[in-house]
Every structure is written in structure tokens, then in C-alpha cells.
Amino acid sequence: MRPTPALLSLTLPVYNEEDSLPHLRASITDWLSTMPFQCEVVLVDDGSTDGSLNLLREWAAADSRVRVISFSRNFGHQIAVAAGLRHTRGDAVVILDADLQDPLDVVPQMVEKYKTGYDIVYGRRKQRLGESWHKQLTAWLFYRIMRALVHRQLPADAGDFRLVSKRCVDALRSMPEGHLFLRGLFAWMGFRQTAIDYVRHPRSAGQTKYNYSRMVAFAANAALSFSPLPIRLIAVFGAFVALIGFSYGFYSTARWYFLGDTVAGWPTIVVLITTLGGMNLVCMGIIGEYISRIYEEAKRRPLYLVKETINIQP
Ligand code: UDP
Ligand code: MG
């Protein structure tokens, strides 16, 4: 058994959420008044170009428990969450979305689990309300494919909404990598983990910031940042194609030798050249992705640049 956290942190990434921030502020303020222990709220403005930062400034000026980091530009959701985590001081930290899709009333249950000794309590989406069928389908497929091929321990249908203990936050702090797939990193950490089922609400207001190209980039990052498997698949695929080619050569030679056949080859050649040429380029592209990641990591640039902080001592 662990004691109740002396300080519980909430951290939320915010990107162009001026429509949902008033709802968020009202809900969190209400919720804080019901919590029996000390809390802080760390909001990361991920380079919003609308009025979000002004709303955050007002909120932080009115409530000293609210702390804000504002990025110099949009660095992306995962980096914003990581920055938020780095600035938390609580014994336990809960990651939430700013659009209230993750219900605050699940948090006390997460804290109860934390008290019984779990280091990670992730929310598992039992149902998603107000999301299009293609978003639901692609999300469903994403978790199944990732679990089958890349992240065996990745829990299905769990997003970033979760409670993590201080030692997990410290573990994350010690990771220098720039390509973050937080769910995978948390799964990799081990410790004791458990799930709480919840119903994902529709967005309180505004639009999703994940369009299709961002979703594809997110999935590619999840696959590539964690595993040499895509590159291994290339080798297996290459060996398979080579075997087919070899067998076909053997077969053609045998036909020529025994039956005197010269094989009509034009379509075969064209098909082979185009398919293999195409596959070669795809494979080189995948290898190139890895190399570009090595290049990015080798530069050792900071993950993000901060423009402004509020209620945070440097
Ligand atoms: N977000 C962010 N940076 C981005 C995109 C999104 O900080 O580049 C934030 C966004 O404000 C929200 C959370 O990440 O709080 C999840 O984004 P969104 O709701 O658009 O994703 P969805 O729930 O549709 O998957
Ligand atoms: Mg959302």
C-alpha cells in the first residue's frame, strides 16, 4: 500500500483549443474543489495560433495551482505531453486531453489503484462516443497491428490518458530520445500496470487536431521508433523474392533442357522489373526512415523550445 499522493499533478497538451478551454477550466476548477488532496495542473501550449495562450494566462493568473509552459511553435502532441510530464512535481501524474474526451471522474479510481501499488494505470476505451467510424476503425486496427508486430506489451485501446507514478516520470526524464511514442515507452517500462475501462466522450468543442496525415505519421513513428522489425521484414521479403527468382530460373532451365522450350519472357520481365523495382524503392524508403532518425537523434537538439512559462520557477 502507498499513501495518498501528497501532490497529484494533471498535465494537458493544448493546441488551438480556444473553444474547449472555457469548458476545461470550469470542469477542472469544479473537480479540484472536490479533491481531498493537493493538486497542480500543468498545461502545455503547443504553439497555438488562436487565443488559447491568452486564456491560459488568465487562468494561471487566477489560480496559482495552474502552471503553464508555452512552446515557441507547434512541436506535436507527444512532445507536448512529455514536456508537461517533465515539469510536474507530483507523486503521481495524470495525463489528459484538453478537449475533455478523457473523463475527470475516472481519476479518483486511478488514484485508488495507485495506492494499491500500481505505477501505471491506463484508461482503456470501452466505447468511443462522437467519433467517426473511420477514426474508430483505424484506431482499432492500429492497436491490433502494433500489438501483433511491434509492441507486444502495448495495451489495446489505451491512449495517453493514464496515471503514472513519479518514478515513471523520472524514467521518462532520463530518456534522451526525440521520437516519442509515449504509450510504447510506458509499456516498455514495466513496473506494475493495470487498466480502468472508461467511455471516451465526444470533444467538448472544436475540431480534432489529428487529420489523416498526422495519424499516418503517428502510426509510422510508433512502428519505427520501437522496433527493427520493419527492416527485418524487408530482409525476409528479399529472401523470399530471391527464392522465387531462383526457382523460376531453375524451372526455365529445366524446360529448355528437357523440352527445348524457350520461355516467352516479355511480360514476365516487365512485371518482375516493375514490381521488384517498386519494392526496392519501398524498402530503401524504410531504411531511409531509420537513417533519418539516427541523423535526427545524432543532432541532439532539444525536443522543444519554450517561449514563456507561468507559475513555473526556472
Ligand atoms: N494536441 C497538441 N499538439 C498537436 C495536436 C494536438 O498538443 O499538435 C493536443 C490537443 O490540443 C488535445 C490533445 O493533444 O488536447 C489530443 O488532440 P486531439 O483531441 O485533436 O486528438 P484526438 O482526440 O482527436 O485523437
Ligand atoms: Mg481529442
Side-chain angles (χ1 to χ4, degrees), residues 9-25 27-28 41-56 59 66-88 93-104 106-107 122-143 146 156-162 178-183 198-222 303-308:
S9 309
L10 305 184
T11 184
L12 305 93
V14 176
Y15 178 50
N16 290 349
E17 299 283 4
E18 64 180 357
D19 296 329
S20 28
L21 277 175
H23 301 280
L24 182 76
R25 180 171 171 180
S27 307
I28 289 197
V41 184
V42 177
L43 294 145
V44 181
D45 163 42
D46 186 10
S48 299
T49 49
D50 65 355
S52 298
L53 182 56
N54 277 334
L55 293 173
L56 295 179
W59 188 6
V66 174
R67 312 164 75 217
V68 178
I69 306 146
S70 175
F71 285 173
S72 61
R73 64 168 170 86
N74 180 249
F75 281 91
H77 171 220
Q78 297 286 291
I79 292 180
V81 175
L85 286 168
R86 284 183 183 181
H87 283 86
T88 57
V93 181
V94 179
I95 305 168
L96 296 147
D97 278 358
D99 54 11
L100 289 172
Q101 284 197 281
D102 308 320
L104 282 163
V106 178
V107 175
Y122 51 86
R124 188 166 50 200
R125 299 150 182 175
K126 207 166 52 176
Q127 207 189 337
R128 292 166 161 249
L129 302 175
E131 287 184 313
S132 61
W133 66 266
H134 33 95
K135 173 118 192 176
Q136 299 200 25
L137 178 71
T138 47
W140 189 87
L141 277 174
F142 172 78
Y143 290 107
M146 287 295 152
D157 304 321
D160 290 319
F161 176 40
R162 60 186 63 216
H179 290 97
L180 293 170
F181 175 56
L182 292 171
R183 291 157 219 192
Y198 75 104
V199 176
R200 190 156 160 90
H201 295 314
R203 252 182 173 272
S204 59
Q207 295 290 319
T208 174
K209 308 297 177 296
Y210 269 95
N211 54 25
Y212 277 104
S213 62
R214 275 186 172 225
M215 273 159 60
V216 170
F218 181 80
N221 183 36
L303 276 185
Y304 53 85
L305 297 178
V306 175
K307 178 172 70 178
E308 178 178 340

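These numbers were taken from a predicted model, which means no experiment stands behind them. Quick note: residue numbers are just sequence positions, from 1. Both ligands and their constituent atoms are indexed starting at 1 by order of listing.
From the protein, the heavy atom lying nearest to atom 2 (C) of ligand 1 is Tyr15 CB, 3.3 Å. Of all protein heavy atoms, the one lying nearest to atom 12 (C) of ligand 1 is Glu17 OE2, 3.4 Å. Closest to atom 8 (O) of ligand 1, if we only count protein heavy atoms, is Arg214 NH1, 2.6 Å. Ranking the protein heavy atoms by distance from atom 18 (P) of ligand 1 puts Arg203 NH2, 3.5 Å first. Counting only heavy atoms of the protein, atom 25 (O) of ligand 1 lies nearest to Lys135 NZ, 3.0 Å. With hydrogens left out, the protein atom closest to atom 20 (O) of ligand 1 is Lys209 N, 2.5 Å, a heavy atom. In terms of protein heavy-atom proximity, atom 19 (O) of ligand 1 is nearest to Asp99 OD2, 2.6 Å. In terms of protein heavy atoms, atom 21 (O) of ligand 1 is closest to Tyr210 CD1, 3.4 Å.
Residue Arg200 places a heavy atom less than 4.0 Å from ligand 1.
Separation of atoms CG (Asp19) and CG (Leu24) is listed at 12.5 Å; rounding is to 0.5 Å.
Looking at heavy atoms from C-beta onward, Arg162 lies out of side-chain contact with Leu182 at the 4.5 angstrom threshold. Side-chain contact between Leu100 and Ser20 is absent, with no heavy atoms from C-beta onward closer than 4.5 Å. Proximity of Gln136 to Arg125: side-chain heavy atoms (C-beta onward) are nowhere separated by under 4.5 Å. You'll find the side chain of Leu53 stays beyond 4.5 Å of the side chain of Ser48, heavy atoms only. The side-chain heavy atoms of Gln78 and Asp160, taken from C-beta on, include a pair separated by under 4.5 Å. Looking at Val93 and Val42, their side chains never come closer than 4.5 Å, going by heavy atoms from C-beta outward. Between Met215 and Thr138 the shortest side-chain heavy-atom distance falls below 4.5 Å.
Note on ring orientation: taking the six-membered ring where Trp is involved, the planes of Phe161 and Tyr198 are perpendicular (angle over 60°, cut-offs 30° and 60°).
Evaluated for a side-chain contact (heavy atoms from CB on, under 4.5 Å) with Leu12, the options Asp97, Val94, Ile28, Asp102 yield exactly one hit, Ile28.
Note: an N/O pair closer than 3.5 Å links Pro13 and ligand 1 by distance alone. The shortest N/O to N/O separation between Gly76 and ligand 1 does not fall below 3.5 Å.
Atom OD2 is the N/O/S atom of Asp99 found closest to the Mg ion (ligand 2).
Remark: ligand 1 atoms within the under-4.0 Å shell around heavy atoms of Ala98 are 15 (O). Atoms of ligand 1 found under 4.0 Å from any heavy atom of Asn74 (numbered from 1 in listed order, with element): 3 (N), 4 (C), 8 (O). The atoms of ligand 1 that sit less than 4.0 Å from any heavy atom of Gln101 are 19 (O), 22 (P), 23 (O).
The closest donor-acceptor contact from the side chain of Arg67 to the backbone of His87 lies under 3.5 Å.
When non-hydrogen atoms are compared, ligand 1 lies under 4.0 Å from neither the backbone nor the side chain of Val44.
Among Asp46, Asp97, Asp160, the residue whose heavy atom lies nearest to atom 3 (N) of ligand 1 is Asp46.
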